[in-house]
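Along the sequence shown, residues are numbered consecutively beginning with 1.
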Amino acid sequence: MSALEERAALLSIGEFSRLTHVSVKALRHYHDLGLLSPARIDPGSGYRFYATAQAPTAQLIRRFRDLDMPLDRIKVVLEATDPTVRDEIIADHLRGMERQLEQTRSAVASLRQLLEGGGSHPLNVDFRTPDAGPALVASARVTWNEVFEWLPDTLTDLRRRIGSDAGLRAGPDGAIYSAEIFESHVGEVTAFIPLSAAAGQTGDPLPEGPMAVTVHNGPLRELDRTYAALGGFVAEQGMGSRTRTAIRENYLVSRFDTDNEHGLVTEVCWPVLSRRGEKES
């Protein structure tokens, strides 16, 4: 093929953009990332030229971007020589989208309940002072969004350390949230598993003190409503403390037990004064 014929078989970046509905800016970015390189770059002008055979690749990228797949994952898909690897990456992304869709549906349903004033339920509150016994613990300073990955990963590690012997446990998995994580969305969070006497008292002690406790049933994203109800109750009963105390959650039925988020059961434990109605001096 002569140079003239070769040039005629190629498309300028603008022509290729019109052909594929991918913007010139995006094509340049894909080139910079090595995701879709031009078939030819003019050495004098630096102009990019694309072959018509590259159109399906550009259209694939566009489809994946419509599904919010990150560019680095798209690159792995396009470069995969093993169809099984390629298909698993795509399937994993689609599963993530399905989870996001379910979360969106739940958020919409929750919003409707709030707007309509519905979805409330009687608040049952118990008062107890948790045992300050030993526990396997792990703490970190994290951001609000990081909690949702850090906590399950950390509890998985703690579960691995305690093993499968249920006799070593003295209670369900839990977490303690500093006041700062709520106020600044950056702060200390502690994951823990309470230990029984059979564990040999090798853990760290959990915080002591009386608490008002209620049970939240359902998705963790709805916990704010239970927090509002319990925290409001504590304040209205004059049992609140002026100190910036940490709040404890006990995961009676967690993601380790069920894949159905509506089947989750979480205890919310709010620190209170030692006697109902007593105010801090």
Ignoring hydrogens, what is the shortest heavy-atom contact between [X] and [Y]? Give both atom names and the distance.
X	Y	result
D259	R255	O-NH1, 2.9 Å
S178	A246	CA-CB, 4.2 Å
V77	M69	CG2-SD, 4.4 Å
A191	L151	CB-CD1, 3.7 Å
P194	G171	CD-O, 3.8 Å
L136	R161	CD2-NH2, 3.1 Å

Does a side-chain heavy-atom distance below 4.5 Å link [X] with [Y]?
X	Y	result
E249	Y251	yes
L94	I90	yes
R65	I61	yes
L10	Y50	no
R73	H93	yes
N217	L264	no
L36	Q54	yes
I181	W144	yes

N/O donor-acceptor pair under 3.5 Å between [X] side chain and [Y] backbone:
X	Y	value
R28	D32	no
T156	P152	yes
E88	V85	no
D257	S254	yes
T214	L230	no
D165	G167	yes

Taking only Lys NZ, Arg NE, NH1 and NH2, and the carboxylate oxygens of Asp or Glu, determine whether [X] and [Y] approach each other closer than 4.0 Å.
X	Y	answer
E79	R86	no
D42	R48	no
K75	D72	no

Legend entry - side-chain contact (heavy atoms from CB on, under 4.5 Å) between I89 and V76, intermediate numbers included: CA-CA 8 Å; I89 294 172; V76 174; 3.2 Å; yes
Single-linkage hydrophobic cluster [X]~[Y], side-chain heavy atoms < 4.5 angstrom:
X	Y	result
Y30	F16	yes
V213	F233	no
V268	I176	no
L33	V22	yes
I41	L35	no

Inset, instruction - Please test R63 against D66 for salt bridge (Lys or Arg N to Asp or Glu O under 4.0 Å), starting from the C-alpha separation and ending with a verdict. - result: CA-CA 5 Å; R63 296 297 189 280; D66 287 344; 5.3 Å; no
Legend entry - Verdict with reasoning, E146 to R141, per salt bridge (Lys or Arg N to Asp or Glu O under 4.0 Å): CA-CA 10 Å; E146 289 171 342; R141 182 176 175 82; over 6 Å; no
Just how far is it from atom [atom1] of [X] to atom [atom2] of [Y], taken to the nearest 0.5 Å?
X	Y	atom1	atom2	answer
D173	T154	CG	OG1	11.5 Å
D204	L195	CG	CG	9.0 Å
F49	S12	CZ	OG	7.0 Å
L158	I193	CG	CD1	5.0 Å
D126	N124	CG	CG	7.5 Å
S17	K25	OG	NZ	13.0 Å

Inset, instruction - Determine, stepwise, if the pair I247 / C269 fulfils side-chain contact (heavy atoms from CB on, under 4.5 Å). - result: CA-CA 6 Å; I247 296 175; C269 308; 5.8 Å; no
Inset, instruction - Please test H185 against E180 for side-chain contact (heavy atoms from CB on, under 4.5 Å), starting from the C-alpha separation and ending with a verdict. - result: CA-CA 7 Å; H185 279 200; E180 191 181 12; over 6 Å; no
Inset, instruction - Kindly confirm or rule out a cation-pi arrangement of R248 over Y177, judged by NZ or CZ under 6.0 Å from the six-membered ring centre and within 45° of its axis? - result: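 R248 over Y177 ring: no.
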Inset, instruction - Compute whether any side-chain donor of one residue and acceptor of the other, for E222 and Y227, lie under 3.5 angstrom apart. - result: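 No, no side-chain donor-acceptor pair sits under 3.5 Å.
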Inset, instruction - For the pair T266 and L252, evaluate side-chain contact (heavy atoms from CB on, under 4.5 Å) and give the outcome as yes or no after the intermediate values. - result: CA-CA 6 Å; T266 305; L252 306 186; over 6 Å; no
